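Comments concern the structure below.
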Amino acid sequence: MNISVSAEKIGGSSNFRFSTDKKVIELGKNLINNLISSMKVAQIYDSNNKVFQEHLKGFDDNLREIFRSEGEAVINVTANHIFFNKHRLPMDFASYHTFHSLMDGFLGSEIGEVGFEESITREELTRFVFVFSKSLGDPSKSLEDIEEELEGQGVVRVRLQEPRGGAEDIQGTSNLRKVGKQMYTKSIMLLKETVGDAPSPRKVQTRLVRKLVQNIIDAVIVDETYMLALTNIKNHYDYTLNHSLNVCVLSTALGYRMGMERKRLSDLGMAALFHDIGKIFIPEEILTKPAKLTDEEFEIMKNHPIKGAEMLTQIKRFRKLPVRAIVASLEHHRGIDQSGYPRLFFKKELNLFSKIIAIADVFDAMTTPRIYQKTPFKRDEALGMMMKASGTKFDPLLLKAFINMVGVYPIGCVVLLNTGELAVVMEANQDPDYCQYPKVKLITEKTGKKIDGPLINLAHPASDGTQRFIVKTVDPFKYGIDVTDYF
Ligand SMILES: [Fe+2]
Ligand SMILES: [Fe+2]
């Protein structure tokens with residue numbers, strides 16, 4: 001099943017698609033792996049070597065299969081994604097490094113597209129692999145240089161194109177973003193109409209909400225970065241609705257990164273949107289109390305998961321809400337060690353939806369200003385505290401993937417180092433295990449004197465042996481820093 005997104009549904013001009021077709025994704029991923037492994041082997045062996053020939057055979061067979069079932073074989077690369085025949089390939093832990101090395105190589109050579117023609121022979125493919133393995137990512141070679149080399153080697157059935165991003169595409173992206181933002185605001189209004197003031201399950205229009213979730217998923221797939229940025233819109237007057245929508249965006253984005261299929265993503269989105277629906281039964285004065293809750297009040301607050309699950313069960317009777325949505329409402333405060341609330345008579349491993357939603361829920365709550373917490377936690381503080389509960393409250397693998405997705409230290413944020421120096425984050429560490437160690441540019445000495453310092457990879461000690469690490473993020477305005485100066 002293929003679902004066209006962005007074009008009509010959310011207003012953009014791009015015709016890239018999201019595919020839930022496992023076969024297409026597998027063919028695409030194989031193509032990427034075959035291309036990379038053949039190029040790597042070509043750097044070591046010559047074309048007559050048996051090892052190289054085996055790899056090339058795999059590549060060639062893969063291409064033939066693609067032409068048979070798909071009719072064409074085109075790879076597109078953008079700064080964030082790889083597309084195969086215009087289907088965006090989901091990135092998981094296993095493919096993370098391969099994908100990123102290919103993205104870096106393509107974009108380093110200003111190549112945005114490689115298309116293979118069906119009539120390409122194995123000999124021509126061999127010559128293509130050798131030219132590509134020598135030139136891809138070489139900053140001294142332009143797209144034209146590589147094209148010339150390919151032509152010189154008689155490779156004429158591989159087509160190269162520059163990255164997308166001409167005027168038309170930029171226009172498309174900004175349209176998409178505008179519509180994305182409108183959709184986000186509209187979603188809150190729709191939620192308010194459908195669930196906000198409706199304590200009766202009969203009034204909850206799940207069909208409309210399901211449609212909303214579909215739109216959110218479409219937008220997350222097309223422009224994840226932008227949708228994640230939208231979750232920074234924090235409106236504490238409509239806290240529960242705004243929070244529910246943010247949890248929905250964050251959860252579906254994580255689910256998508258974990259390779260979930262569209263139907264499950266849609267169920268996950270529904271579950272996330274409804275995770276706090278039980279709060280409509282909690283008295284307003286407790287929900288909006290501008291101070292810490294008393295023990296008694298907290299006991300009442302702790303009822304919201306059960307109340308929510310009860311309400312969703314009633315909805316399910318006539319609206320077919322997935323069971324997992326009900327379970328997630330019940331479980332989202334329980335923690336993977338079952339130490340949270342509500343206390344249940346049985347211990348059962350948390351549902352995957354509950355584990356994902358619990359992470360998105362706590363992150364959004366901690367980073368949002370509330371009546372009783374006017375200054376919210378910064379995202380690195382929040383993620384740092386959540387890391388401490390990895391394995392007890394949160395699933396460690398999911399938490400790691402989540403941190404990698406939202407970014408502890410997003411590009412452009414200003415950080416204080418253990419040395420007293422300030423630095424700007426220039427590049428995220430591609431390895432999820434080392435996401436706390438990005439590449440930074442030093443911008444002040446420890447005395448505070450501004451400098452045009454070097455780029456430093458925090459994953460390694462400096463040449464003089466200094467091991468720098470990030471102590472905290474700081475507000476650039478306080479230091480009179482304009483981060484755009486450094487980009
Ligand atoms: Fe909750
Ligand atoms: Fe929540």
Side-chain angles (χ1 to χ4, degrees), residues 187-188 191-192 195-196 199 204 209 213 216 228 230-255 268-284 286-289 292-293 297-313 315 321 324-344 350-373 376-377 379 382-383 385-386 389 393-395 398-399 402 406:
S187 302
I188 294 189
L191 268 184
K192 200 180 175 77
V195 297
V204 178
V209 181
V213 171
I216 291 173
L228 291 179
L230 282 183
T231 64
N232 289 320
I233 297 175
K234 311 283 192 181
N235 177 355
H236 69 94
Y237 295 107
D238 259 333
Y239 173 72
T240 304
L241 296 181
N242 193 167
H243 167 71
S244 301
L245 189 59
N246 286 349
V247 173
C248 176
V249 172
L250 293 167
S251 300
T252 47
L254 181 58
L268 172 65
M270 292 289 277
L273 217 43
F274 286 131
H275 79 282
D276 268 341
I277 199 169
K279 282 194 180 166
I280 59 179
F281 299 101
I282 307 296
E284 190 68 17
I286 295 184
L287 283 179
T288 55
K289 189 179 170 185
K292 199 170 183 271
L293 297 183
E297 288 165 338
F298 192 47
E299 283 309 311
I300 297 173
M301 187 67 152
K302 280 183 181 171
N303 282 329
H304 81 268
I306 291 181
K307 291 274 186 199
E310 274 172 11
M311 181 172 171
L312 293 175
T313 314
I315 294 172
L321 199 71
R324 284 187 289 253
I326 300 170
V327 177
S329 169
L330 188 68
E331 291 182 335
H332 72 279
H333 288 289
R334 282 194 46 77
I336 61 165
D337 65 354
Q338 318 269 329
S339 63
Y341 64 87
R343 296 230 165 267
L344 299 174
L350 295 193
N351 178 296
L352 175 64
F353 282 13
S354 311
K355 292 179 186 172
I356 290 178
I357 290 168
I359 293 172
D361 179 36
V362 172
F363 177 73
D364 185 67
M366 288 181 86
T367 52
T368 304
R370 309 285 290 275
I371 298 173
Y372 55 86
Q373 178 191 293
F377 292 102
R379 61 172 60 207
L383 292 172
M385 287 165 83
M386 289 171 73
K393 198 169 165 59
F394 307 114
D395 180 279
L398 288 173
L399 183 59
F402 183 81
V406 296

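Excluded from the calculations below are hydrogen atoms, water molecules and symmetry mates; all remaining heavy atoms, backbone and side chain alike, are included. Start at 1 with the first residue, then count along the sequence. When a ligand or atom number is given, it counts from 1 through the structure's own listing order. Worth saying up front: this structure is predicted, and the values here are computed from it rather than measured.
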| query | What does the angle at the Fe ion (ligand 1) come to, between atom NE2 of His333 and atom NE2 of His304, rounded to 10°? | reply | 90°
| said: Strictly under 2.8 Å, how many protein N, O or S atoms lie near the Fe ion (ligand 2)? Waters don't count. | reply: 4
| field | Evaluation steps, side-chain contact (heavy atoms from CB on, under 4.5 Å), between Tyr341 and Glu299 | value | CA-CA 10 Å; Tyr341 64 87; Glu299 283 309 311; over 6 Å; no
| Counting only N and O atoms by type, is there a donor-acceptor contact under 3.5 Å from the side chain of Ser251 to the main-chain atoms of Cys248? | no
| query | Out of curiosity, Ile277 CD1 to Ile326 CD1, how far, rounded to the nearest 0.5 Å? | reply | 11.0 Å
| task | Could you tell me the separation between the NZ atom of Lys393 and the CD1 atom of Ile359, rounded to the nearest 0.5 Å? | result | 10.5 Å
| task | Would you indicate whether the side-chain heavy atoms of Ile357 and Leu268 approach each other to under 4.5 Å? | result | yes
| message | I'd like to know if the side chain of His275 pairs up with that of His333 as donor and acceptor (distance under 3.5 Å, no hydrogens or angles considered). | response | no
